[in-house]
Amino acid sequence: MWQGWEVETWDRSLREWYQRHGRALPWRKTTDPYAIWVSEIMLQQTQVKTVIPYYYRWLERFPDIPTLANSPLQLVLKQWEGLGYYARARNLHRAAQKVVEDYQGVFPDRFSDVLSLPGIGRTTAGGILSAAFNQPISILDGNVKRVLARLVGLKTPPKKAINQLWELSDRLLDRDHPREYNQALMDLGATICTPKQPSCLLCPWRDFCYAFQSNLQTQIPMREPSTPLPHKQIGVAVIWNDQGEVLIDRRLEEGLLGGLWEFPGGKIEANETIPDCIKREIKEELGISIEVGDHLITLNHAYTHFRVTLNVYHCRYLAGEPQPIECEEIRWVKPEQLSQFPFPKANTKIIDAILNQFNSIV
DNA sequence: AAGTCGTGGAC
DNA sequence: TGTCCAAGACT
């Protein structure tokens, strides 16, 4: 069915649709490759609506590549705080330094150079180069995968057909209008060809779409098999010293929430009470002894691959010199200073609870 | 090559 | 309340 149509026909109808119904997004008002790069990184696995305020604040604080490259990582992470997937911020920072080193601070315009920057894969490289320089490079993000899977009636989960999807994306690319085409295809996926209840009657490709013609649009793309999420119980310590300061630690640079600050703690073992867990973890990780006091708050938080319940207790520092055994760094800080440090979301809720108690007592 | 890596919105 | 999933990259 769909083989009978010429690619040029699809491209023309998509472009006409885009000119009427495309989204007005902040990063479409510029061709500055740096600004577009920032937007592409922030948009990875993150909704447009979430990104927009971060995007504006970022460009205000880091208006160009040298400014970003010369800023301390802690400030960079503070600007990223709340966006998640913090490796994106660390990679963006490293990549900025590489652009300064290797390209005199000018963002490269060659695909292989862009692709070699940390945090930039094939889709992001194509997105940047097509948007900033109108280069004819295809993309394959979540939107495009879904659109193409429905278009051809893909009978497997997209992950299993990634090579075919790239081929198709390449073949369909409008080489005369690559910037418009890529943006249009993503908008189509985001606003018409949505995961649930797609608006097929409004779609410029409805006549060519296998899924719509077969009424399979709610079954394609096929779902990836999902695995159950483990749930961990965590004991967390808000440790106070006699100066009215609390102890925080900076997590290791790599891995989950790398480089962010947190209140120390750890997993509750089988048949272990929460106070016992907290005392043990603090001894193991920081080498100090504490007394566990009042319960502060209990929080549930969902990550991508597991869930946690944080059981947070006020604690009193007793003895020993804190040492960064399983973290990068340790500090005693006054509660009002906590806002200066980048924390993961679950920990900002703990901070709110501390400040609320603090203010209601004082 | 399957697992890892955050958070919020939508339903 | 749970589930899906959003402009993916890296290991």
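Please read all numbers here as calculations on a predicted model, not as lab measurements. First the proteins, then the strands, lettered A, B, ... as listed; each starts at 1.
With rounding to whole Å, A:Tyr85 atom OH is found 7 Å from B:dG6 atom P. In this structure, CD1 of A:Ile120 is placed 19 Å from P of C:dA7, rounded to the nearest angstrom. With rounding to whole Å, A:Asn182 atom CG is found 11 Å from C:dA7 atom C1'. One interatomic measurement links the two molecules: CD1 of A:Ile192 to P of C:dA7, which rounds to 14 Å at whole-angstrom precision. Rounding to whole angstrom units, CG of residue A:Leu77 and P of B:dT7 are separated by 12 Å. We find that CG of A:Leu188 is positioned 14 Å from P of C:dA6, with the value rounded to whole Å. Spacing between atom CG of A:Asp141 and atom P of C:dC5 amounts to 15 Å, rounded to whole angstrom units. Whole-Å rounding puts the A:Gln197 CD to B:dA10 C1' distance at 11 Å.
Toward the 5' end of DNA chain C, the nearer of the two residues A:Arg94 and A:Leu43, judged by each one's closest nucleotide, is A:Leu43. Both A:Glu254 and A:Leu25 lie near DNA chain C, and the one whose nearest nucleotide falls closer to the 5' end is A:Leu25. Along DNA chain B, the nucleotide nearest A:Lys49 and the nucleotide nearest A:Gly255 are compared for position; the residue whose nucleotide lies closer to the 5' end is A:Gly255.
Taking only side-chain nitrogens and oxygens, A:Tyr86 comes nearer than 4.0 Å to OP1 or OP2 of B:dT7. A close approach under 4.0 Å does not occur between any side-chain nitrogen or oxygen of A:Thr50 and OP1 or OP2 of B:dG9. Taking side-chain N and O atoms only, A:Lys345 has a distance below 4.0 Å to OP1 or OP2 of B:dG8. For A:Arg223, a side-chain nitrogen or oxygen approaches OP1 or OP2 of C:dC5 to under 4.0 Å. Between B:dT7 and A:His301, a contact under 4.0 Å exists linking OP1 or OP2 to a side-chain N or O.
C:dT11 and B:dG6 have their P atoms separated by 14 Å, with the value rounded to a whole Å. One P atom belongs to B:dT4, the other to C:dA7, and the distance between them is 24 Å to the nearest Å.
A:Gly82 comes within 4.0 angstrom of sugar-phosphate atoms only, judged by non-hydrogen atoms across all strands, and of no base. Among the heavy atoms of the strands lying under 4.0 Å from A:Leu257 are primed sugar atoms or P, OP1, OP2 only; no base atom is included. Within 4.0 Å (heavy atoms only), A:Trp80 reaches no atom of the nucleic acid at all. Using a 4.0 Å heavy-atom distance criterion, A:Thr46 is classed as a base contact. The residue A:Gly127 sits apart from the nucleic acid: no heavy atom pair falls under 4.0 Å.
Of all nucleotides listed (C:dA7, B:dT7, C:dG8), C:dA7 comes nearest to the side chain of A:Glu40. Nearest to the side-chain atoms of A:Gln47 among the listed nucleotides B:dG6, B:dG8, C:dA7 stands B:dG8. The side chain of A:Gln44 approaches C:dA9 more closely than any other nucleotide in the set C:dA7, B:dG6, C:dA9. For A:Gln183, the listed nucleotide lying nearest its side chain is C:dA7; candidates were B:dG6, C:dA7, B:dG8. Of the listed nucleotides (B:dT7, C:dA7, B:dC5), C:dA7 has the atom at the smallest distance from the side chain of A:Arg28. Closest to the side chain of A:Arg146, out of C:dG8, C:dA6, B:dA10, is C:dA6. Set against B:dG8, C:dA9, B:dG6, the side chain of A:Thr123 has C:dA9 as its closest nucleotide. Of the candidates C:dA9, B:dC5, B:dG6, the closest approach to any side-chain atom of A:His305 belongs to B:dC5. Out of C:dC4, C:dA7, C:dC10, the shortest distance to the side chain of A:Asn91 is found at C:dC10.
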Contacts table for residues 272-284 of chain A: side-chain donor-acceptor under 3.5 angstrom, sequence neighbours left out:
from	atom 1	to	atom 2	distance (Å)
A:Glu272	OE1	A:Glu269	N	2.9
A:Glu272	OE1	A:Arg280	NH2	3.0
A:Glu272	OE2	A:Arg280	NE	2.7
A:Glu272	OE2	A:Arg280	NH2	3.4
A:Thr273	OG1	A:Asp276	N	3.2
A:Thr273	OG1	A:Asp276	OD2	3.1
A:Arg280	NH1	A:Glu284	OE1	3.4
A:Arg280	NH1	A:Glu284	OE2	3.4
A:Arg280	NH2	A:Lys267	O	3.1
A:Glu281	OE2	A:Lys267	N	3.4

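You'll find the ring centres of A:Tyr303 and A:His301 inside the 6.0 Å limit. Aromatic rings of A:Phe208 and A:Trp10 (six-membered ring for Trp) have centroids within the 6.0 Å cut-off, being under it.
With hydrogens and angles disregarded, no donor-acceptor distance shorter than 3.5 Å links the side chain of A:Trp37 to the backbone of A:Ile128.
The pair A:Lys98-A:Glu101 fails the salt-bridge criterion, with no side-chain N (NZ, NE, NH1 or NH2) lying under 4.0 Å from an Asp/Glu carboxylate O.
Hydrophobic cluster membership differs between A:Ile268 and A:Phe263, with clusters built from Ile, Leu, Val, Met, Phe, Trp and Tyr side chains linked at under 4.5 angstrom.
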Practice item. Starting from the C-alpha separation in whole Å, work towards a yes-or-no answer on ring pair (Phe, Tyr, Trp, His ring centres under 6.0 Å) for A:Trp80 and A:Tyr54. Key: CA-CA 7 Å; A:Trp80 200 271; A:Tyr54 282 89; 7.4 Å; no
